[in-house]
Amino acid sequence: MGWIERCYETYERNRSEVGVPSTNRFGREAPMLLPVAHTTQKVQVEVGLTGEGQFLSARVLRPDEMTTVIPCTEESAARTSGPVPHPLVDKLQYLAGDYAAFGGTKKLMWEEYLAQLKAWCSSPYALAPVQAVLAYLQRGCLIADLVGDGVLWAGPDGKLLQQWTGPKEELPPIFQAVTGAGQWETFVRFRVGDVPLSSTPAVWDSYTQYYLSTLETVGVCYVQGKEMPTSLLSPYKVRNPGDRAKLISSNDSINFTYRGRFSSVEEALSIGYETTQKAHSALRWLIGRQGVNSGDQTILVWGMADELVPPVTGDSYDLVEGSPGGWAADDPDDVPEFSQPAADTRAAFALRFAKAVQGYRQVLTDASRITVMVLDSATPGRLSIRYYQELSGSRLMDAVEDWHKYFAWEQRYRKIQTEQKGKKTAQTIVFFGAPAPKDIAEAVYGAKVSAKLKEQTVERLLPCITEGRHIPRTMVRMAVARAANSIALEPWEAAKTRSIACALVRGYYHRNKEEEFTMALDETCNDRSYLFGRILACADQLEQYAAYAASDGARRPTNALRMEVAFTQHPARTTDLLRKQLQPYLERLIKANKSTYANDLMLQLLDRIPIEEFNNVPLNELYLLGYASQRAAFFKKQDAAQASNVDEE
């Protein structure tokens with residue numbers, strides 16, 4: 001019952017948001033929190049009536065006006081192809097008594113619709129505007145009025161046109177609104193005087209109270225623990241308006257959905273109608289506002305009091321940018337700028353990250369209840385909960401901060417669009433933090449990883465981020481293996497894969513082995529693999545520097561990179577081979593009176609490896625940290641030398 005109970009509580013805590021237009025984190029329209037016994041529908045036409053039910057006018061709605069809150073029954077909310085009328089807003093097949101006269105071919109459901117609307121209008125909860133709609137539709141002239149007002153279009157035979165055959169520039173608005181389905185699929189809503197029925201809370205409340213009074217099946221709601229009208233039909237449209245998958249289904253009374261354990265579906269699960277309506281509405285609202293969708297997978301993190309939660313599927317840059325004030329609220333002079341290239345990038349980002357975490361911790365405390373949920377659908381009609389966890393706000397922040405602090409490395413794969421001199425350009429953003437799970441999936445399986453495999457990888461990583469669980473070793477090893485084979489990758493993918501693999505190795509040793517490594521070069525580390533990684537970086541640097549000193553303009557891969565895979569499997573043998581291949585480059589540098597620092601350092605590192613460890617036992621993941629840290633140290637040394645030369649000039 002966990003997710004239903006949490007969603008129900010979320011609805012109750014946010015009742016003031018019912019019927020209020022909502023937007024997501026990108027500023028786009030999102031599903032609203034719906035009243036009980038209501039759903040949403042794309043409606044193309046609005047009909048205006050007088051208080052006595054006389055036709056005034058009609059118009060085709062703009063695209064931004066089409067999403068409409070409509071009353072529904074359990075059956076109509078779950079209808080697919082079966083003819084079940086909605087109580088107020090529906091298609092011509094249900095509303096128009098002259099449907100057949102204008103050429104309609106589907107089963108006319110006008111009388112069934114009217115019977116349902118009459119029951120509402122004759123109840124104690126009836127409203128005069130709704131009774132005006134009933135009075136108008138009983139005349140059976142809806143299509144004739146819409147044709148007469150130029151909203152719908154009939155042909156010479158007096159039948160509605162299936163498609164427009166006239167000039168394209170004269171295409172009527174209705175054919176643009178009802179794309180691909182024809183005029184027969186037009187949905188119609190009503191306005192009585194100045195009252196738009198579909199957006200009036202009084203009309204919503206009227207129908208909700210009426211419909212709840214008609215429910216006859218009563219049982220104990222397993223969520224609220226009290227007797228109330230129950231529901232057997234679960235709402236859909238959970239992830240998006242076109243989603244037909246349901247979280248709860250009990251339409252199998254023949255096989256073994258519940259047989260063998262319960263004699264009836266009601267014994268297996270009993271949920272109050274009002275409970276399931278509110279829970280599904282809250283879930284739909286939350287997903288629309290802050291859910292992360294990737295194919296069929298949806299990841300949702302929310303707090304009971306609608307707290308701002310960190311983006312658990314984002315990288316450290318996303319966490320900083322989405323923080324609740326934090327550094328942005330402080331004096332701008334206290335926060336150094338970071339851009340590429342900048343000497344203080346790491347310090348600047350570290351300060352912003354610390355302030356972002358502080359901002360989140362002010363919002364998410366021990367009293368905050370945070371829910372993490374992953375939804376996915378194996379089939380179009382069934383929606384499953386692949387992961388569910390409830391955490392306190394402080395526990396979540398402890399895990400998230402640990403992830404972004406220790407699974408961190410220099411990342412250069414982010415780009416943002418900037419405008420310079422009227423032209424949009426992509427600028428690389430450098431940050432020192434954890435990569436996003438989707439980027440980890442690409443580092444592990446390649447940039448062309450399938451959508452399903454990427455979703456599964458994100459799902460495996462989610463508990464590592466939100467609960468602090470150990471990261472799978474296989475994932476780390478696969479990322480390191482692809483980083484070692486960088487010669488087979490495009491330069492941008494090789495750099496991205498290597499930096500992400502370093503972040504995973506560092507985090508793996510912190511969390512799984514309780515060993516700490518920093519992004520800075522550890523001169524005291526005598527681990528065999530780490531030292532061999534530094535030796536590989538020296539070989540790479542020596543050849544690159546020799547090529548640069550010769551000014552031959554060559555940008556070919558070095559022998560060190562070409563032999564990296566072999567180096568990780570047979571380090572001693574490959575080191576001897578590399579030394580022989582580097583000899584011409586070393587002689588070139590000596591002849592040109594250039595620095596041989598990389599070669600000298602390589603010899604020092606070789607001396608630090610005990611003779612019994614200088615063998616062909618494959619290296620572990622730490623070689624990658626040694627290689628990357630040593631390469632960064634070389635770059636830092638070069639930058640310092642260049643800065644010194646500039647100062648002397």
Side-chain angles (χ1 to χ4, degrees), residues 24-26 238-240 242-243 245 287-288 290-301 309-319 322 372-380 382-389 399-400 403-404 407-409 411-415 429 431 433-467 469-486 488-505 507-508 621:
N24 61 19
R25 61 187 185 280
F26 303 112
V238 174
R239 294 170 295 180
N240 55 68
D243 186 15
I287 289 174
Q290 57 204 67
V292 177
N293 299 301
S294 176
D296 291 331
Q297 182 189 71
T298 296
I299 299 175
L300 177 64
V301 183
V309 295
V312 297
T313 58
D315 54 31
S316 298
Y317 186 81
D318 290 323
L319 183 139
V372 185
M373 191 174 184
V374 178
L375 302 170
D376 204 349
S377 57
T379 65
R382 297 293 181 269
L383 189 59
S384 61
I385 299 175
R386 299 293 300 268
Y387 173 80
Y388 181 84
Q389 188 62 257
V400 169
W403 170 267
H404 287 276
F407 286 79
W409 206 261
Q411 308 293 342
R412 293 175 176 265
Y413 61 79
R414 291 285 302 245
K415 292 184 181 294
I429 291 295
F431 66 94
K438 65 179 181 62
D439 292 301
I440 294 176
E442 293 177 359
V444 173
Y445 299 107
K448 296 183 179 179
V449 57
S450 67
K452 184 55 67 176
L453 185 54
K454 183 183 289 189
E455 292 170 8
Q456 292 171 353
T457 304
V458 172
E459 187 178 318
R460 290 181 69 191
L461 287 170
L462 195 60
C464 304
I465 301 172
T466 59
E467 299 178 55
R469 293 188 190 177
H470 289 180
I471 189 169
R473 178 174 171 79
T474 54
M475 197 176 293
V476 178
R477 297 185 67 176
M478 291 176 68
V480 172
R482 289 194 74 249
N485 194 29
S486 60
L489 306 176
E490 293 290 333
W492 66 267
E493 187 179 2
K496 177 180 178 180
T497 301
R498 194 179 291 276
S499 64
I500 291 176
C502 286
L504 293 180
V505 172
Y508 171 79
E621 302 85 0

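Since this is a predicted model, take the numbers as computed values, not measurements.
For Trp403, the ring pair (Phe, Tyr, Trp, His ring centres under 6.0 Å) test picks out Phe407, with sequence neighbours left out. Not counting sequence neighbours, the partners of Asn240 by the side chain to side chain contact (heavy atoms under 4.5 Å, CB included) test are Asp243. Applying the side chain to side chain contact (heavy atoms under 4.5 Å, CB included) criterion to Pro472, with sequence neighbours excluded, gives Arg460, Cys464, Thr474, Met475. Under the side-chain hydrogen bond (donor to acceptor under 3.5 Å, both in side chains) criterion, Arg473 pairs with Tyr508, Glu621, sequence neighbours left out. Among residues two or more places apart in sequence or in another chain, the salt bridge (charged side-chain N to carboxylate O under 4.0 Å, His left out) test is passed with Lys496 by Asp439, Glu442. With sequence neighbours excluded, no residue forms a side-chain hydrogen bond (donor to acceptor under 3.5 Å, both in side chains) with Thr313. Applying the side chain to side chain contact (heavy atoms under 4.5 Å, CB included) rule to Ser499 yields the partners Trp409, Gln411; only residues at least two apart in sequence or on another chain are considered. Residues passing the side-chain hydrogen bond (donor to acceptor under 3.5 Å, both in side chains) test with Glu455 are Lys452, sequence neighbours excluded. With sequence neighbours excluded, no residue forms a salt bridge (charged side-chain N to carboxylate O under 4.0 Å, His left out) with Asp296. Asp318 pairs by the side-chain hydrogen bond (donor to acceptor under 3.5 Å, both in side chains) definition with Arg414, not counting sequence neighbours. In this structure, Ala481 has no side chain to side chain contact (heavy atoms under 4.5 Å, CB included) partners at least two apart in sequence or on a different chain.
At least one donor-acceptor pair under 3.5 Å links the side chain of Gln290 to the backbone N or O of Val301.
With a 6.0 Å radius and a threshold of 12 heavy atoms from other residues, nucleotides or ligands, Arg477 has its CZ atom at or below the threshold.
A pairwise comparison of heavy atoms in Ala483 and Arg498 identifies O-NH2, 3.3 Å as the closest pair. Residues Thr497 and Ala479 approach most closely at CG2-O, 4.1 Å, considering heavy atoms. Across Val312 and Pro437, no two heavy atoms sit closer than the pair O-CG, 4.2 Å. Contact record, Ser316 with His404: OG-ND1, 2.7 Å, taken as the closest heavy-atom pair. The two residues Thr466 and Ala399 come nearest to each other via the heavy atoms O-CB, 3.4 Å.
Expressed to the nearest 0.5 Å, how far CG of Leu453 lies from OH of Tyr445 amounts to 5.0 Å. Taken to the nearest 0.5 Å, the CD1 atom of Ile287 stands 13.0 Å off from the CG atom of Asn24. Annotation: the span from Leu300 atom CG to Tyr388 atom OH amounts to 10.0 Å, rounded to 0.5 Å. In this structure, Leu461 CG and Leu504 CG are separated by 7.5 Å, a value rounded to the nearest 0.5 Å. The CZ atom of Arg239 sits 10.5 Å away from the CD atom of Gln297 when rounded to the nearest 0.5 Å. Remark: Ile465 CD1 to Ile440 CD1 distance equals 6.5 Å, nearest 0.5 Å.
Classified by interplanar angle (parallel below 30°, tilted 30° to 60°, perpendicular above 60°), the ring pair Tyr317/Phe431 is tilted.
A donor atom on one side chain and an acceptor atom on the other are found under 3.5 Å apart for Asn293 and Thr298.
With salt bridges taken as basic N to acidic carboxylate O contacts below 4.0 Å, one links Arg482 and Glu493.
Counting only heavy atoms from C-beta outward, the side chains of Leu375 and Ile385 approach each other to under 4.5 Å. Within the 4.5 Å cutoff, the side chain of Val238 has heavy atoms near those of the Leu383 side chain.
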